[in-house]
Every structure is written in C-alpha cells, then in structure tokens.
Asker: 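Supplied in structure tokens, the structure appears directly below.
The model shown is predicted, which means the values in this text are computed figures rather than measured ones. When a ligand or atom number is given, it counts from 1 through the structure's own listing order.
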Amino acid sequence: MSLNDHWMQRDLAVLWHPCTQMKDHEQLPLVPIKRGEGVWLEDFDGKRYLDAVSSWWVNVFGHANPRINQRIKDQVDQLEHVILAGFSHAPVVELSERLVKMTPAGLDRVFYADNGSSCIEVALKMSFHYWLNVGQPAKKRFITLSNSYHGETVAAMSVGDVSLFTDTYKALLLDTLKVPSPDCFYRPEGMGWEEHSRAMFAHMEQCLAEHHREVAAVIVEPLIQGAGGMRMYHPIYLRLLREACDRYGVHLIHDEIAVGFGRTGTMFACEQAGIRPDFLCLSKALTGGYLPLAACLTTDTIYQAFYDDYSTLRAFLHSHSYTGNPLACAAALATLDIFEQDGVIEANRQLAARMASATAHLADHPHVAEVRQTGMALAVEMVQDKASKTAYPWQERRGLKVYQHALQRGALLRPLGSVVYFLPPYVITPEQIDFLAEVASEGIDIATRQSVSVALPSGARVDFRDPG
Ligand SMILES: *Cc1c(COP(=O)(O)O)cnc(C)c1O
C-alpha cells in the first residue's frame, strides 16, 4: 500500500470532511498532504500540486513561509493564548493599530472573532444592536444581494443566497430582503460593466426606499461574489450604495473576508469605490492563511452607542473562546510586514496581467461563456451553449472533470460548479501561471468534450464549494 493510501484509509475511517458528499470518496481519492512549500503542496507519495486556490482562498504568501513561521515560533514561546476579556497582549494591540491605520479613515475600532462566519454574525448583531441602543428597534432586517455568500452559520446563511448551501436550511433562516445582484455575467450584449452595475442599482434604490425604516444594514461582498461562482461587478455600485445607505439611514456591511488583502488589485476592495463601509469584515488572508482569525472593524459612532454604564445593558456581550488569539495575531503581523516590505500590491499587477494573457485564448472556446478578472482573481465560466450562456446541468459535474485532470497534472484547481478559477498565492511565478493556464485549458477541453451520463442519485446535491 502506498503511503497516500495508508493515510487515506485511516482518514476515511474517522473523518467527516467539510463541504463533501463523503460517498464521492468511494471513487475520488482523497489527497493527504505531507508538507507545503511556497505554492506547492506535496502528498505522502512525493507528488506535488500547485495550490491555485490558495487552500480555500486563505494563503497569500505561500505555504511554510519562513517569515511567518519565524514570527509564530517566537510568539509561541512568549504567550500562546490568553483570555481577551479583561486582559490584553501586545500582538492584538499592534494588529488593531495597524488595521485601523491601513483601512479607510473612520474605521477606528476592531472587534475580533475566530472565523469569517462568526465575523459576519458580529457585524449583523452589532448593527441590529446599534439601532436598538439608539431607540430604533424596528430596524432589524437585512438587505442582501442575490447569489451572495457570507458563511455557514445560521445568520450568515440567512444573508447568503447560494441555494445549494441554504435551501436545505430555509426553515431556520432569518427573514431577509433580497435584491438582484449587479453581477455583470448577465449584462446585455454590448453593455459595459459600469453601465450594467449602475443600472442594477435601481433595484437596491427601490428596496431601500420601500423598506429602510425596518432595515438595519445592507451586506455585500464588494466587487466579487466568490462562492457564487466568482461573479464580478463594477465599483460604481458600491459608491451608489454608500450614498444611498447614508440617505436612508442604513448601515453598510462590507464582507471583505475573501477579497480583502490585495485580491481585487487594491489592499481592500472598498478603496476602488473610494468609500468607507460602517462595518468591514476581514478574515481568510488576514493571517496569511495560517491560523483562524477574523476582525470586524467599525466606526466610533457605532462604538459610542454601546459605551455606557453597565446597568444600562447596552454593552456588546459577544465572545468567542479564541478571540484575538496571540499566535494568529502574530501570523497576521508577519503577513502585514510582507505586504509592506515587498511592495506586493504593485508586484501583483504584473502577475494579474500574466493571468489575463495566459488565459485570453479561452474566451474563444466554444464552451466558455466568459473569462473575467478582477485583480488576482480570474474565472473561466464553462457553459453548455455559448451564445445564450446556458449553464450545464449541475448534475453533470463538469467542474469535477477539470479538478480530476488538474490533480493528475499536479495542480489544485477546485472549480465552483462550472466555473474554473485561479485565486493563487501572490508568490506564484509567471511561469507557474502559464502552467496553470495550460492545465485549465486541457481540463476544460476534456470536461466540455464529453457527453456526461449522470450517475448521481436523484436529489443529490453539489455544494458550490464542491469540485462539482
Ligand atoms: C469564506 C467566506 C466567509 C466565511 O468565512 P469562514 O471562515 O469560512 O467561516 C464569509 N464571507 C465570504 C465572502 C467568504 O468568502
């Protein structure tokens, strides 16, 4: 038995994997990873895979990055963890100072959670609680965009709209208001991104006009709807939204959990719209992809509405055990150092241009509806019919074919449905980008050439995070 098989069998005897129909692993080998280095992951049999999805969008400076490793090693000998209520520590103070300084002016307070979904819960609860504290208890609903994704906990699912994630749990969800997304994939022929995103804002304007008295906040994934298939829109939408939220007295929550830290081409997506949200949710790349940590930044206005004598019961009594963990903060500080010292955002422009040129030919593929890009995120959408942009039936799992081909070739490409995308660590080289483009092209050829017989039992579901 190979070492891979050995670990796979031990794993499958005891683990229940995230976002996975475990029965798939009767056919689809699990890949046990022994070590990582830079963009590479290496399995127990010595085969290497280029991590094109940054291990679920978290890694930015490669696996086993020496600078982040060292910072964590130093920290673990000092202090591994301490309660953050009543106590504090240097890494969390330093990190908070730096986040306040690097985000848009006015985001002056940092509240920590230990994963992205919890961070969304924090923002939703804070917004609702703010309106309660200022005597507007009617403002308790949230406006969300169609095709959005904000995490897996119940309230985070409520403001999400990727039906494969949420349909099953509908009975548990909050009652939210859903507005059509400015997603430019379905823009009319010949229309630009800006014009389309601007036109789609009419739906939001109407919803706010109608419901603002009962609405606490609008929540959006700025510029890229990630789990919804890397769908993209123009920053003008965020500018119009900020202006309307001000006009109607509604908070704006930016979920930059996936897009923060350089993914869209600027450090934060909100910079491209020149706006400041009322809540900015950060996680994923915050620690360079090392450790779970999330930060919810907000304004002094919101902070002050909670600041009062204890007996008024206005405090935000929310906590997670690992809030502000020192090791995670140390990893985050090392990550921010690399951004600062290495001119990463500027250097990424070259890499983004290479991603574009290496995949440009795919736009002519008979089963590719679109190759789209925002900064360091590039997506290729496979369709059954190019002219009408008709999707493949999800049961055919075309993306899975690309995933399997890429594994053979030594790349980790994990499509979202029929959307093949690159979201690589920023330490990728131009040559490695060319390699990924080659693997993706081959995979797309294979996946779209075959007529697929659907072997899945009826009612089987494929999650969007699934390679299906
Ligand atoms: C991943 C993600 C989340 C959830 O973060 P977790 O750490 O996985 O809970 C929320 N919002 C967006 C936009 C994400 O991509």
Asker: Distance under 4.0 Å to a non-hydrogen atom of G116: what atoms of ligand 1 satisfy this?
Answerer: 4 (C), 5 (O), 6 (P), 7 (O), 9 (O)
Asker: Does any N/O atom on I257 come nearer than 3.5 Å to any N/O atom on ligand 1?
Answerer: no
Asker: Only pairs at least two apart or in different chains count here, so list each ring-ring contact (aromatic ring centres under 6.0 Å, His included) that has a residue in residues 219-249.
Answerer: F201-Y237, H212-Y248, Y233-Y237
Asker: Would you mind listing which atoms of ligand 1 come within a distance below 4.0 Å of any non-hydrogen atom of W57?
Answerer: 15 (O)
Asker: Pull out every atom of ligand 1 sitting under 4.0 Å from any heavy atom of A258, numbered as shown with elements.
Answerer: 15 (O)
Asker: Nearest non-hydrogen contact with atom 2 (C) of ligand 1 belongs to which option: H150, K284, Q225?
Answerer: K284
Asker: Could you give the side-chain donor-acceptor pairs of residues 78-86 under 3.5 Å, partners two or more places apart or in another chain?
Answerer:
from : atom 1 : to   : atom 2 : distance (Å)
H81  : ND1    : N325 : ND2    : 3.0
H81  : NE2    : S321 : O      : 3.2

Asker: For ligand 1, which atoms, with element, lie under 4.0 Å from some heavy atom of S117?
Answerer: 4 (C), 5 (O), 6 (P), 9 (O)
Asker: Will you find, in the side chains of H17 and D11, an N or O donor that is under 3.5 Å from an N or O acceptor?
Answerer: yes
Asker: List ligand 1 atoms under 4.0 Å from Y149, heavy atoms only on the residue side.
Answerer: 2 (C), 3 (C), 11 (N), 12 (C), 13 (C), 14 (C)
Asker: Looking at side-chain heavy atoms only, is the closest gap between L293 and Y322 below 4.5 Å?
Answerer: no
Asker: For N59 and S55, which I'm curious about, is there any donor-acceptor pair between the side chains at under 3.5 Å?
Answerer: no
Asker: Return yes or no for this condition: an N or O of E221 is under 3.5 Å from an N or O of ligand 1.
Answerer: no
Asker: Decide whether an N or O pair under 3.5 Å exists between D255 and ligand 1.
Answerer: yes
Asker: Nearest heavy-atom pair of I302 and F306: which atoms, and what distance?
Answerer: O-CD1, 3.0 Å
Asker: When you compare the side chains of H211 and E214, does any donor N or O come within less than 3.5 Å of an acceptor on the partner?
Answerer: yes
Asker: Any idea which atoms of ligand 1 are less than 4.0 Å away from a heavy-atom of G151?
Answerer: 4 (C), 10 (C)
